[in-house]
Structures are given as C-alpha cells and as structure tokens.
Amino acid sequence: MPELPEVETVRRGLDAAVLGRRIDRVEVGRERTVRRTSREALIAGLQNTAIVRTWRRGKYLIADLDSGDSVMIHLRMSGRLLLAQRGSPRPPHSHVVMGMQDIEVRFVDPRTFGEVVVFDPERTADQVPELQRLGVDPIADPFDQRVLAAALAGTTRGIKSVLLDQTRVAGLGNIYTDEVLHRARLRYDRPADALRRSDIGRLAEAITEVLTAAIDAGGSTLADTQYVDMEGRTGSFQESHLVYARRDEPCLTCGRSTIRRAVVSGRSTFFCPRCQK
DNA sequence: AAACAAACCTGTGCGC
DNA sequence: TGCGCACAGGTTTGTT
C-alpha cells in the first residue's frame with residue numbers, strides 16, 4: 001500500500017508526535033511482525049529509549065534511538081502507524097504498541113507482511129541488508145536527469161519494471177510508477193536502455209514533481225481507505241491520479257482515448273495508449 | 001539476465 | 001444471504 005509519499009507523511013507525523021519522548025511500555029501482540037529478531041529483542045531494544053531522529057530511505061522508515069540503536073519500520077502492503085491516547089480502544093491487528101506516558105504509537109497491519117525491528121546501525125549489513133542495497137531516493141538524495149540515467153543504465157528490461165526495482169530507484173511503487181510514466185509520456189514496456197536523453201529528462205522531472213506533489217497532498221488514499229496518516233487522516237493525491245485504477249475511463253490528458261490495463265511484473269498497470277509511447 | 005509464478009496473510013467487493 | 005473467486009499500495013525466493 002504505502003509508497004514513498006505515504007511513508008514520508010507517516011515519518012513527519014512520527015517526528016511531530018514522539019521526538020524525545022521516552023518509550024515506557026512496549027507490547028508485541030503478534031510475533032510475526034518482529035520475525036526478523038524476536039518479541040524479547042524488540043521489547044528490550046525499545047524499552048526506556050527515546051527517538052532522537054527519524055529518517056526514510058525509499059519505503060523504509062527508520063527512527064534513531066538515544067541508546068545508539070535504530071528501529072526500522074516497513075509497512076509493506078497493509079501496515080499503518082497510528083497515534084492514540086493510552087487506553088483508547090485498539091483497532092484489530094494492533095501487533096506492536098509503543099507507549100509513551102499518556103499516548104501510544106500502534107503498528108496496525110492486517111496482512112502481517114510489515115515488520116518492526118531494532119538494529120545496530122553499525123551492523124546494518126548483517127541485520128537489515130536490504131537497506132544498503134536501495135538505489136537513489138528521489139526526494140532524500142540529490143536527483144536529476146544524470147542520476148536517473150545512471151540508475152537506469154545497463155538493462156533492457158521494461159521501464160516500469162526497472163522503476164519498481166528498489167535497488168535502482170527507491171520509493172516508487174505501483175501507483176506512482178504509473179502516474180510518473182503517464183506524465184513523462186512513456187509506455188511501461190519501453191526498454192530502459194533505449195530511452196533517449198529527452199525521455200530521461202522528462203522522466204526525472206515527472207518523478208520529482210509527482211512525488212513532491214503527493215507528499216504535499218499527504219499521499220494517496222484509495223477507495224478502501226487503507227492508508228491514513230498517524231492521526232487517521234486520509235491523503236488527497238488520489239484526486240490527482242491521471243491513470244491509476246482508471247481502467248476504461250477517459251484519459252484526462254488527451255480526452256480522446258480510454259485508460260487501458262496491462263499486467264507487468266504481476267502488477268496491474270494503467271496507461272493511455274495514445275499519450276504514452 | 002530476464003521474465004514469471006509463488007509465497008507470505010487478511011479483507012473486500014463482485015457475480016451468481 | 002451466502003459462496004467462490006479476483007484482487008490489493010510490497011518484497012523475496014525459486015523456476016524457466
């Protein structure tokens with residue numbers, strides 16, 4: 001569910017709500033959420049620490065603790081991080097709860113693909129290896145046409161599949177990849193290494209513009225209302241979607257074709273056959 | 001190297 | 001109302 005803009009929105013909410021507050025209670029209701037280590041390791045790692053900084057790389061949210069450790073949170077498909085008053089009714093699937101005096105942060109995740117893990121930043125390579133393998137983050141890192149060209153180099157794969165590859169560009173998922181490719185007027189199956197300089201220029205610009213606008217809008221909340229920020233508020237960037245989930249609806253760019261659906265890397269892919277070449 | 005499928009889970013919406 | 005199926009924002013692993 002959540003891609004870079006949603007994770008960034010959650011990160012900002014976490015920053016505003018809990019920075020410097022001491023974690024005095026930790027509960028793990030479902031061990032699968034902490035499967036990388038264990039219930040005991042998560043509790044020991046969080047108990048009596050305070051979050052001193054939050055940061056994000058791609059879809060990975062990291063909070064640095066005053067103990068010197070860090071906690072990595074990945075929402076995967078259905079994870080949410082919710083802020084609540086201590087003692088208020090907990091939603092189903094509240095697998096991890098971090099209590100800070102009168103408030104608590106709840107990791108809620110029906111599908112249980114998400115995870116929470118405390119790790120030692122000096123042992124990232126052993127404990128959270130995928131973090132080091134992430135490619136350029138278009139928001140957190142310097143990003144322009146040259147950086148993108150380097151990230152796309154050396155593969156004949158279709159551009160959508162390459163943009164979804166987190167080791168090349170970190171943070172784009174199924175929604176934003178389709179929205180970006182539409183704005184750059186590129187079809188999902190254009191071989192990445194055959195893109196012209198002008199194509200890559202438009203693509204880099206589209207990535208920056210779409211992600212920035214989506215962050216400003218607080219992310220995208222689809223019809224099922226799965227994604228909300230820490231305060232439970234929905235995002236509004238779905239109102240700016242031009243192609244995602246708009247199969248058979250008129251193209252908002254050209255008005256002369258309808259949005260088609262294809263399957264790429266096993267994912268639903270939406271595009272305008274007239275605008276995107 | 002690349003393209004697919006399956007796996008991990010639960011929930012929802014749809015056609016019948 | 002109930003049942004079965006398709007499908008869902010992600011990532012990893014294994015197979016052609």
Side-chain angles (χ1 to χ4, degrees), chain A residues 1-11 29-36 56-61 72-81 91-96 107-117 127-135 137 152-181 188-194 210-211 214-215 217-229 234-241 243-248 261-270:
Chain A
M1 135 192 148
E3 306 179 28
L4 187 155
E6 290 76 30
V7 178
E8 177 61 18
T9 302
V10 170
R11 186 196 68 75
R30 177 83 98 112
E31 203 139 20
R32 183 173 146 75
T33 299
V34 298
R35 59 194 172 280
R36 193 174 304 223
R56 178 195 57 71
R57 192 152 182 92
K59 302 167 194 166
Y60 291 76
L61 173 57
M72 184 279 275
I73 299 171
H74 200 303
L75 305 173
R76 292 285 182 105
M77 292 290 266
S78 63
R80 295 151 74 153
L81 218 49
H93 311 292
S94 297
H95 303 317
V96 173
F107 181 83
V108 179
D109 185 17
R111 293 177 73 179
T112 70
F113 292 166
E115 66 171 318
V116 180
V117 61
Q127 299 177 356
V128 198
E130 65 270 41
L131 210 48
Q132 293 196 320
R133 302 190 59 238
L134 291 176
D137 182 304
L152 302 183
T155 179
T156 61
R157 290 159 60 200
I159 184 63
K160 170 157 181 173
S161 145
V162 176
L163 291 177
L164 286 173
D165 180 347
Q166 304 296 301
T167 69
R168 288 181 178 267
V169 178
L172 293 171
N174 207 35
I175 294 177
Y176 294 104
T177 300
D178 282 3
E179 293 299 321
V180 158
L181 287 174
Y188 61 90
D189 55 357
R190 285 279 295 277
D193 68 348
V210 167
L211 292 179
I215 292 169
S220 299
T221 299
L222 303 185
D224 59 13
T225 323
Q226 277 262 342
Y227 166 75
V228 290
D229 71 9
T234 59
S236 63
F237 193 72
Q238 66 282 359
E239 295 164 15
S240 301
H241 289 181
V243 289
Y244 187 79
R246 298 195 61 248
R247 161 145 67 161
D248 295 337
R261 177 187 185 267
V263 176
V264 178
S265 303
R267 324 291 301 277
S268 281
T269 297
F270 302 92

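Residue numbers start from 1 in every chain, and the chains themselves are labelled A, B, ... in the order their sequence lines are given, proteins ahead of strands. Just so you know, these numbers come straight off a predicted model, no measurement behind them. Below, all heavy atoms of this structure are taken into account, side chains as well, without hydrogens, waters or symmetry copies.
Note on S78(A): nothing from the nucleic acid sits closer than 4.0 angstrom, heavy atoms only. Using a 4.0 Å heavy-atom criterion, one finds that R30(A) contacts the sugar-phosphate atoms exclusively. Note on R76(A): a base of the nucleic acid sits closer than 4.0 angstrom, heavy atoms only.
For S268(A), a side-chain nitrogen or oxygen approaches OP1 or OP2 of dA8(C) to under 4.0 Å. R111(A) has no side-chain polar atom (N or O) that falls below the 4.0 Å cut-off from OP1 or OP2 of dA8(C). Under 4.0 angstrom from either OP1 or OP2 of dT11(C) there lies at least one side-chain N or O belonging to Q166(A). Between H74(A) and dT11(C) there is a side-chain N or O to OP1 or OP2 distance below 4.0 Å.
Distance check on atom P: dT11(C) versus dG11(B) gives 22 Å, rounded to whole Å. The separation of dA6(C) from dA6(B), taken at their P atoms, amounts to 12 Å, rounded to a whole angstrom. Nucleotides dC9(B) and dC3(C) are separated by 24 Å at their P atoms, to the nearest Å.
Proximity of a side-chain donor or acceptor of Q166(A) to a complementary backbone N or O of G135(A) within less than 3.5 Å is not detected.
Between the side-chain ring of F113(A) and the base of dT11(C), no stacking contact exists by the 5.5 Å and 30° definition.
Among T177(A), D189(A), N174(A), the single residue meeting the side chain to side chain donor-acceptor pair (under 3.5 Å) criterion with K160(A) is N174(A).
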Just do the side-chain contact (heavy atoms from CB on, under 4.5 Å) check on R76(A) and R111(A) with the steps written out, would you? CA-CA 9 Å; R76(A) 292 285 182 105; R111(A) 293 177 73 179; over 6 Å; no

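There is a side-chain donor-acceptor pair under 3.5 Å between Y176(A) and E6(A).
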